[in-house]
Trainee: 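Questions regarding the structure given below will be posed in turn.
Residue numbers begin at 1 in each chain, while the letters A, B, ... track the order of the sequences.
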Amino acid sequence: MPTKFQDKVYELCSKVPKGKVTTYKAIAEAMGTKAYRAVGRALNKNPYAPKVPCHRVISSDGSLGGFATGIKNKVKLLKKEGIKIENNRISKKIIIKIS
DNA sequence: GCTTTGACTCTCG
DNA sequence: TCGAGAGCCAAAG
């Protein structure tokens, strides 16, 4: 079991509904921290790999940010979810905020 | 136990 | 509009 911080990150990731995405910033803010980078780093480890849809987490300005298994794979996964991706950019309108 | 790094974000030029 | 620099926190080395 990873740290509480990571656990929180993964939990928030799970809260993202299918067909929508969220941002690293939103996650960090949701857990009451500004460790945006720590969130990304935690997801890179991704001990919950298939359990948590970490591919639904992107950067704040709509870019994909990055992906451990490759951006291309991330794009493919998101497209499967019904998310439109253009030039490695996600429509900001589908970006949601975590409660 | 301190230093470096990172799937980030913001601000300034 | 685009590029570079600084700031932030947590985990790994």
Trainee: Can you name the nearest heavy-atom pair linking A/Thr23 to A/Ser59, along with the distance?
Mentor: CG2-O, 3.6 Å

Trainee: What's the shortest heavy-atom distance between A/Val52 and A/Cys13, and which atoms?
Mentor: CG1-CB, 3.3 Å

Trainee: OP1 or OP2 of B/dC10 versus the side-chain N and O atoms of A/Ser60: is any pair under 4.0 Å?
Mentor: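 It does, given that an N or O in the side chain of A/Ser60 lies less than 4.0 Å from OP1 or OP2 of B/dC10.
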
Trainee: When the distance from NE2 of A/His55 to P of B/dA7 is rounded to whole Å, what number comes out?
Mentor: 19 Å

Trainee: So if I take residues 63-72 of chain A and measure heavy-atom distances to DNA chain C, which residues fall below 4.0 Å?
Mentor: none

Trainee: Would you tabulate the pairs of protein nitrogen or oxygen atoms and nucleotide nitrogen or oxygen atoms of nucleotides 9-13 of chain C closer than 3.5 angstrom?
Mentor:
| unit_1 | atom_1 | unit_2 | atom_2 | d |
| --- | --- | --- | --- | --- |
| C/dA11 | OP1 | A/Thr3 | OG1 | 2.4 |
| C/dA11 | O4' | A/Arg41 | NE | 3.3 |
| C/dA11 | O4' | A/Arg41 | NH2 | 2.1 |
| C/dA11 | O3' | A/Arg41 | NH2 | 2.6 |

Trainee: So A/Phe67 and A/His55, would you call those rings parallel, tilted or perpendicular, with 30° and 60° as cut-offs?
Mentor: perpendicular

Trainee: Mind calculating the distance between CG (A/Asn46) and C1' (B/dA7) to the nearest angstrom?
Mentor: 10 Å

Trainee: Side chain of A/Ser91, backbone of A/Ile94: donor and acceptor closer than 3.5 Å?
Mentor: no

Trainee: Is the side chain of A/Lys74 donor-acceptor paired with the backbone N or O of A/Val57 at a distance under 3.5 Å, no angle test?
Mentor: yes

Trainee: So, A/Tyr10 side chain and A/Ala42 main chain: donor-acceptor pair closer than 3.5 Å or not?
Mentor: yes

Trainee: Consider only side-chain heavy atoms of I, L, V, M, F, W and Y, link residues closer than 4.5 Å, and tell whether A/Ile95 and A/Met31 are in one cluster.
Mentor: no

Trainee: Is a side-chain N or O of A/Thr22 found less than 3.5 angstrom from the main chain of A/Ile96, in a donor-acceptor match?
Mentor: yes

